[in-house]
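See structure below.
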2 protein chains.
Amino acid sequence: MKFTIDKTIILNALNNTVKALSQKITIPVLNGIVLNVTKKGIELLASDSELSIKILIDKKDIINIESEGKIIIQSRYILDIIKKMPSDVISFEEYNNNIKIYSDINEFILNCYELSEYPNINIEKSKNVITLNSNILKECINQTSYAMSQQEVRPLLTGLNMKINGDIFECIATDSYRLAKKTIKLTQAIEESVNIIIPGKSVNELVSTLKEDIDVDIHLFNNKVLFIYDNIMFQTTLLNGTYPDTSNFIPKEFKYMINVTLNDFYDAIDRASIITVSKDKNIVKMSINGNKLVIYGSSIENGKTKEEVKIECNNKEKLDISFSSKYMLDALKVLNTENIIILINEDDKPIIINAVDDDTIVELISPIKTF
Amino acid sequence: MKFTIDKTIILNALNNTVKALSQKITIPVLNGIVLNVTKKGIELLASDSELSIKILIDKKDIINIESEGKIIIQSRYILDIIKKMPSDVISFEEYNNNIKIYSDINEFILNCYELSEYPNINIEKSKNVITLNSNILKECINQTSYAMSQQEVRPLLTGLNMKINGDIFECIATDSYRLAKKTIKLTQAIEESVNIIIPGKSVNELVSTLKEDIDVDIHLFNNKVLFIYDNIMFQTTLLNGTYPDTSNFIPKEFKYMINVTLNDFYDAIDRASIITVSKDKNIVKMSINGNKLVIYGSSIENGKTKEEVKIECNNKEKLDISFSSKYMLDALKVLNTENIIILINEDDKPIIINAVDDDTIVELISPIKTF
């Protein structure tokens, strides 16, 4: 194996490939990146056995392929090494079963893993393919993934529920204390209906590798899904099971309908959360009284805080409701809108957040009863 | 106590005051900042009992002082609170022995410490005063302080040795493996000779609060030193003892005198250190052979690296010498020069680094014998 390539091209490919790697991996060879040089170009593959990313650098983007070959390089320092190479053009060469990475004035010779130790990662296309625009995918994931559970107690909730039904594309995430649901109408209906749960890590890495406004082919299998876009094949196993039906979580009618400027509401909660941080679950209290909303925060250790926010509210009856400021801030952060609508029934019933001028996103936050 | 002040003015003063605080403090009240409001203005004081910083905000810089008073506020969230206040003008008011920090739309009421619990911090001027320009102080500290020891085994070495003798101002730091010495000729001789050891934390915080090109009055005492500049009084205890005499550490004659471009040498070592990082003390080997210098790095785990650097050397005899790449990079980072001179006698004798065009700085790095 021997080839010469532009620094930016190999660095970009490696940057995306390493996203499949996991620090939790116990099989050493899965810390490696498979480099497969053929006449067609260079294929990079990394996998943590659940998520696998394969990237093809086409031969037209390679300065020179002198000889083919396959090798597994160590990922640990590879990005740093490539970034710090002193020239814009870098050569790679197999060297006594290791790899030599070099320029005119310097060289690295890196130990490699045994090819035979690498597990078989099967990445192939399906006949069952759906094509979506990357902007739709990115937006749906970005506005919902924050609500995925970080706890393994209910494994399914650590993933994102992605559904397609006709021309309705929907992403749902919930950790059972909060929920985010994004529903987009596609320009064209899709024959095959889809209902999958993508693991949290894969969701986050998928969105980080997706460029703006490109076609993404989604190849569906029973137990895995393969996204193909640009020169990337992004394959992930799916979480096995039935995602909870959340359709009844969001009430149809509300006693309180509050219209508020997103930034004002966000800043007030952000300030209140300074002193409620740590120990006490970041609880803040919201008091609604006519067209005045007051955010209260307090902590025995630190003191208390109070802030008024102007609102429009349909109900003049006073209502106090408490919630996690962290959860509320997370929910507000993903909204791209100037004004929001807060919907409430009782102080022990969910708070619903809608964006004014954008009915595709619904967010839910459970209140916290305080005494 | 009640006053109103510009956000930027109080934030700036607090930013400097909190530098005296320490996370290691076990006396709770020393997490507080003493706020003393008088007709003259507002005095802020923080101390970890070794380092004390007092700042006076003159009454001309305060929008309004309605009443005087003294209180100890909690430092923990104070910077965040002030930063996130929604208006450019902030009011402070004593409120049931606590402090209320407020604007038109919001308020924080923060718990305060008991005034009586605060230790007596005595900050007064000395008759024994030296005045230096802040640029000289900053430059001397910045170029030497990296070599202070992080280990408490030899407490004196965790500080910076600052000496004045006539018109010679000198700062020295060493952790016994490396040394940095900066010597500046003052424009005017100083009568009193000075030889003090300033604790490491104080050295670092002093430099971080010093503005460019201002007069710094240094008030000397037996066991402490007080720096006065701007509206800041910066007082630190001294380390007690005799700093080791390092004047014989640096040889007068050398077998090898190597002239090299600083950036080329730095980058070569930086690259070699990528794979030597962690476990093996970051050792790199430098091989000098005529007008060629080669940096070698190797690690059993990762592999090896080799890089050539062009040099001019007076001695054509081959020499191999090994050293810590971390120590060498630290030493090179503080030099503001294009070319350096590396001086060596033997592979087990210190490496001396001089800056070409700047004879005020000398750096020493002990070699590491490898087998």
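We use all heavy atoms of the structure for the numbers below, so side chains are in, but hydrogens, waters and symmetry mates are not. Within every chain, numbering begins at 1; the chains are lettered A, B, ... in the order of the sequence lines, protein sequences first and strands thereafter. Model, not experiment: these values are computed from the prediction.
Both the backbone and the side chain of Glu107(A) come within less than 4.5 Å of a heavy atom in chain B.
Crowding of Lys70(A) atom NZ: a count of heavy atoms from other residues, nucleotides or ligands under 6.0 Å not exceeding 12. For Lys318(B), the NZ atom sits in a packed shell: over 12 heavy atoms of surrounding residues, nucleotides or ligands are nearer than 6.0 Å. Heavy atoms of other residues, nucleotides or ligands lying less than 6.0 angstrom from CD of Glu68(B) number more than 12. Counting non-hydrogen atoms of neighbouring residues, nucleotides and ligands closer than 6.0 angstrom, the NZ atom of Lys316(B) exceeds 12 such neighbours. Counting heavy atoms of neighbouring residues, nucleotides and ligands inside a 6.0 Å radius, atom NZ of Lys306(B) does not exceed 12 of them.
Considering only heavy-atom pairs separated by less than 4.5 Å from chain B, the leading option among Gln74(A), Arg271(A), Met85(A) is Arg271(A). Put simply, of Asp267(B), Asn98(B), Asp270(B), the one with the most heavy-atom pairs under 4.5 Å next to chain A is Asp270(B). Of all the listed residues (Leu110(A), Ile274(A), Asp80(A)), the one sharing the greatest number of non-hydrogen pairs under 4.5 Å with chain B is Ile274(A).
Glu301(A) approaches Arg76(B) most closely through the heavy-atom pair OE1-NH1, 4.1 Å.
Considering OG1 of Thr305(B) and CD1 of Ile109(A), their distance stands at 8.5 Å, rounded to 0.5 Å. Within the model, atoms OG of Ser103(B) and CD of Glu307(A) stand 6.5 Å from one another, a figure rounded to the nearest 0.5 Å. With values rounded to the nearest 0.5 angstrom, Ile275(B) atom CD1 is found 6.5 Å from Phe108(A) atom CZ.
No side-chain heavy atom of Ile295(B) sits less than 4.5 Å from a side-chain heavy atom of Asn106(A).
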